[in-house]
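Quick notes on the structure that follows.
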Number of protein chains: 2
Amino acid sequence: MTQRPSSGARRPTLRDVARVAGVHPATASRALNAHTRDVVHADTVRRVEEAARALDYRPDQLARSLKTGRSGTIGVVLPDLTNPVFPPIVRGIEDGLVPAGYVPLIGNTDTDEEREQLVLDRLQGRQVDGIIVATAKRHHPRLLEIASAGVPVVLVNRVIDGNRLPSVSVNDASGILAVVDHLVGLGHRRIAHVAGPQDLSTGFGRYAGYRSGLESAGLDMDPDLVVFADSFSEAAGFRGATELLRRARPLSAIIAANDMLALGCLRALAGVGLSCPRDVSVVGFNDMPFVDRVSPALTTVRLPHYEVGTHAATLVLERIADPTGPVKALFLTPELVARDSTAPPPGLRRLGAGRTASTRRHSRVGAASTLPAEDAD
Amino acid sequence: MTQRPSSGARRPTLRDVARVAGVHPATASRALNAHTRDVVHADTVRRVEEAARALDYRPDQLARSLKTGRSGTIGVVLPDLTNPVFPPIVRGIEDGLVPAGYVPLIGNTDTDEEREQLVLDRLQGRQVDGIIVATAKRHHPRLLEIASAGVPVVLVNRVIDGNRLPSVSVNDASGILAVVDHLVGLGHRRIAHVAGPQDLSTGFGRYAGYRSGLESAGLDMDPDLVVFADSFSEAAGFRGATELLRRARPLSAIIAANDMLALGCLRALAGVGLSCPRDVSVVGFNDMPFVDRVSPALTTVRLPHYEVGTHAATLVLERIADPTGPVKALFLTPELVARDSTAPPPGLRRLGAGRTASTRRHSRVGAASTLPAEDAD
DNA sequence: CATCTCCTTGCAATCGTTGGCGGGGTAGAG
DNA sequence: CTCTACCCCGCCAACGATTGCAAGGAGATG
C-alpha cells in the first residue's frame, strides 16, 4: 500500500530490471555490480545492462547500505561553513571522497557544545561510515567515544591532546615561529600576541610558538603584550587589540592567532587612527581566501586548505579499509606569506629596510557573509 | 555472518531494545515514535524509553528510510562551494531543513555539464526527497525531468525559462535598474556593462535591467559599451573590462553582472593605472561576503543570501508535503549598497557631488580559496 | 558413454524498521 | 452474569538490495 507520488510510475527496482532481462534479481544484482560481474555470463551481463539502461534503473543506495552495512556517507563537522577557511577544506574532502563512492554529510555546530552533540547524534543516526571533525577541542571525550565504538574519526586543523586520533593539520608553533622571525628581521622588538582560545590545539600551539619565538630571538616575554581571545572571531580580535592598545605599552607589531582576529586588529587600529603597517604591523594565520584583497593585504601564514581536505578524506578512507591500522597524524608545513601589513617598526623606517620576498600567489575573489562567522581554527 | 567492526559490540537495534523492555519490536517502534506513541500504554512507553536509553539506542535512519520511502535528505547542487556567495545560502538551507528532520547533501558541479549529470545521478541514487539547485540554466530539461518524476525541485538564485519550477531568487532587472539610477544620479552617462552568461537567468535578467535602465534614463545603448563574459568569474571580469577599455570609447562607469566580475574589473583598471572610483566607477551584484573589505569597498546590490537559503528550504519542504500544490516563484527584493567604488564621473567632480547614503553594515572576514571559484550566480 | 568439473544461475535469508491486521484481556453496561 | 467495546500489543509481511549455498547444465576427460 505504498503511496507513491501520484505522478508517473514508481522508480524501477532491481526486480523490474531482472524481469525485463529475464533473469533472477540476484543475477541482475551480480551483473550490475562491478565486483561480482565476472561471475555471470557476459551475454547475461549485457542483457541486464540493457534492461537497466532501458528502465533508467538507479540502484537504491539505501537498500544497498542496509544490507551491506556501509552507508557511503562521511560526516563532516564544522564550526561554521560561512567561515571562509572551510569551503576549500570541504571541497577537498568532497573531491577526495566522491571517487571512492562516498559523499560528505555536513553539519555546523556554531561552536556550541550542545549543537555539536546534536550534530554528532544526527550523523551517527545516519550511520555515517566515518567522521571528519574540525571542531575538536584539546580535550574531547565524545570523539574518543565514537572512535572506540568503531567509527573512524579524523581530525582536521585541530588535534586533541595525546594525538590518539588520526589528524591532518599544520604545525602551528613552527608557523608562528616563522612569523616572529619575520618581524624580528624587520626590526620589531615589542611584539604582541592576540592568542586564540587555549582549549583548542591551534590557539594553544600558536601561543607556544609565540613564546619560543621570542625566546630564541632573545626577547623577553612581557605579559602585557599578550591577550587571550575567547573565540577566533573578528569581534574578539577587535577587543583584543583594543585591550593591548589600552595597556599603552609601546608595541610595534601584533601577531594574531588567525586571520579573523587579525582583521579585528586592523579594524581596532584604524578605529584609533593608527596606520598599519606604518605604526603597527599585523600578522594573521591561515591565509584565508580574500585576505590578500583587503587593505593592507594581510601578511599571514599559509595553510593549504584544499589539501588538508583531500588528505583528511584519504585518511578516513584508509581507516575504513583498515580500522586497526596505525593512527596517522599528518602535519603539513605552513608557509609565511609576507604582504603589506608588515613593515619595519616606526623607529627603524629607513631606506631599503629589509622586506622578505613576498610570496604572492593565488588571487581569489570572495566575500563575506550574512552570519557571524566565529571560530575558524 | 555480518562482520562487525572488531572493536566492541555491534550497535543496538530495535530488537535489542524490545528484548530488554520485554516487548515486541513493533511495540518498541511505536513507543519510540512520537506519531504512534499514543497507541501504546504509558508504562510500556516508559519501559521502552528506559531500555533505549540504557542501550544508547539510535534508530537506524537507513532502515527507516527504506521502509518509509523517505530518506530525510535534500540534494543541494552548486557550481562551487568555494564561491563566497554560496556558504551563507547553504547555511540557510541547512538551518531551514534540520528542524524538519532533513539534512542537505551537497554536490559541486564546477559548471561542468557532465559533472552536473553525475551529481544529479548520485543524488537520485541516494533517494533524496528533494533537490535544491543553484546551477539552473534557462533551458534545463533534466531538471524538469526530475521534477516530473515526482521529486520536488527548487531553484535558488537562478530560474528557468517559463518559471515552471518553484524558485527563490531576486529580481535581477530591478536590482540593476537601481544601479543605473544611482550612477545616472551621480552624473554618469557613459555606463558600460560586463554582462554575465546569457544562458543563465541572472546574466540575462541583469542585461535586460541594464538596457531598460539606460532607456528610462534617456541614454542610448552603445553596443561598444557591452561585453559578454563567458562565466561569472574574476578572470572573465578582467578580460571583459580590458576589452571595454581597449575599445577606448570614453566610459566612466562599469556595471558588472556580479561581484566576481566586478573584482576582475577592478584588477583590470588597476592594471592600466586607472583609479576607481576617481577615473571609473565600478558596481557589482550580490554583496558577497568581504566585498565591503576590498579597496575600494565595492558598491553592489545586496541579495539576502541566508534568507534565500531558508526560503528555499521552506519551499522544498512545502512541496514534499504537497507535491501537487501551486508552483511558487519567490522574488526577494535586492537593495543597492553604495560604497566607495562609485563616485561622480571625472568631469563632474565638484564639491559635495551627490553621494547616496551608504548602507554599510555587516563587516565580515573571509578569504579566498585554493580552487578557481567560477560562476557564482 | 559415463562421470567429474566448472561455470552460471536460482533460491532463500537477511539487514532494521514500519504498518496492517487481528486477538486477548479488561472494564462497563444491560 | 454475560455481552460488547475498547485498549494494547504481538504477529506477519514488506521496503530493495546483497550473498552464501546449492542445483542445473554443458563441456571435458577417461
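Each chain gets a letter, A, B and so on, in the order its sequence line appears, and its residues count up from 1.
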Fill in: Contact under 4.0 Å: Thr13(A) side-chain N or O vs dC15(D) OP1/OP2
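Looking at the OP1 and OP2 atoms of dC15(D), neither is under 4.0 Å from any side-chain N or O of Thr13(A).
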
Without decimals, in angstroms, what is the distance between [X] [atom1] and [N] [atom2]?
X: Arg70(A); N: dG16(C); atom1: CZ; atom2: C1'; value: 17 Å
X: Leu55(B); N: dG16(C); atom1: CG; atom2: P; value: 14 Å
X: Arg37(A); N: dT19(D); atom1: CZ; atom2: C1'; value: 17 Å
X: Leu32(B); N: dT18(C); atom1: CG; atom2: C1'; value: 13 Å
X: Asn33(A); N: dT8(C); atom1: CG; atom2: P; value: 17 Å
X: Leu14(B); N: dC15(C); atom1: CG; atom2: C1'; value: 13 Å
X: Arg15(B); N: dT14(C); atom1: CZ; atom2: C1'; value: 10 Å
X: Arg11(A); N: dA17(D); atom1: CZ; atom2: P; value: 8 Å

Any ion pair linking [Y] and [X] (charged N to carboxylate O, less than 4.0 Å)?
X: Glu94(A); Y: Arg122(B); answer: yes
X: Asp110(B); Y: Arg91(A); answer: yes
X: Arg142(B); Y: Glu116(B); answer: no
X: Asp199(B); Y: Lys137(B); answer: yes

Can you tell me how far CG of Leu165(A) sits from CG of Leu315(A), rounded to the nearest 0.5 angstrom?
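One finds 11.0 Å between CG of Leu315(A) and CG of Leu165(A).
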
Review point. Distance from His140(A) atom NE2 to Asp161(A) atom CG, nearest 0.5 Å?
Key: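 Reported value, rounded in 0.5 Å steps: 12.5 Å.
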
Sub-3.5 Å donor-acceptor pair from the side chain of Asp129(A) to the main-chain atoms of Arg70(A), do we have one?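 Not confirmed, Asp129(A) side chain does not pair with Arg70(A) backbone.
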
What nitrogen or oxygen pairs link the protein and nucleotides 6-11 of chain D at under 3.5 Å?
unit_1  : atom_1 : unit_2   : atom_2 : d
dC9(D)  : OP1    : Thr44(B) : OG1    : 2.3
dC9(D)  : OP2    : His41(B) : N      : 2.6
dC9(D)  : OP2    : Thr44(B) : OG1    : 3.3
dG10(D) : OP2    : His24(B) : N      : 2.9
dG10(D) : OP2    : Thr27(B) : OG1    : 2.6
dG10(D) : N7     : Arg30(B) : NH2    : 3.0
dG10(D) : O6     : Arg30(B) : NH1    : 3.4
dG10(D) : O6     : Arg30(B) : NH2    : 2.9

Exercise. Bend across the helix from dC1(C)-dG30(D) to dG30(C)-dC1(D), to 10°, with axes taken over 5 pairs at each end?
Worked result: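 The angle, to the nearest 10 degrees, is 50°.
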
_Base of dT17(C) paired with side chain of Lys67(B) (donor-acceptor, under 3.5 Å)_ =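 Answer is no: no donor-acceptor pair is held.
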
For this session: Would you mind classifying the nucleic acid contact of Ser29(B) as base, sugar-phosphate or nothing, using non-hydrogen atoms under 4.0 angstrom?
Result: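 Since a base atom lies under 4.0 Å of Ser29(B), the category is base.
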
According to the side chain to side chain donor-acceptor pair (under 3.5 Å) rule, which pairs have a member within residues 25-40 of chain B, sequence neighbours left out?
->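 Found Arg37(B)-Glu49(B).
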
Original post:
In this structure, are over 12 heavy atoms from other groups packed under 6.0 Å from Arg138(B) atom CZ?
Top reply: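 Count over threshold, so yes.
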
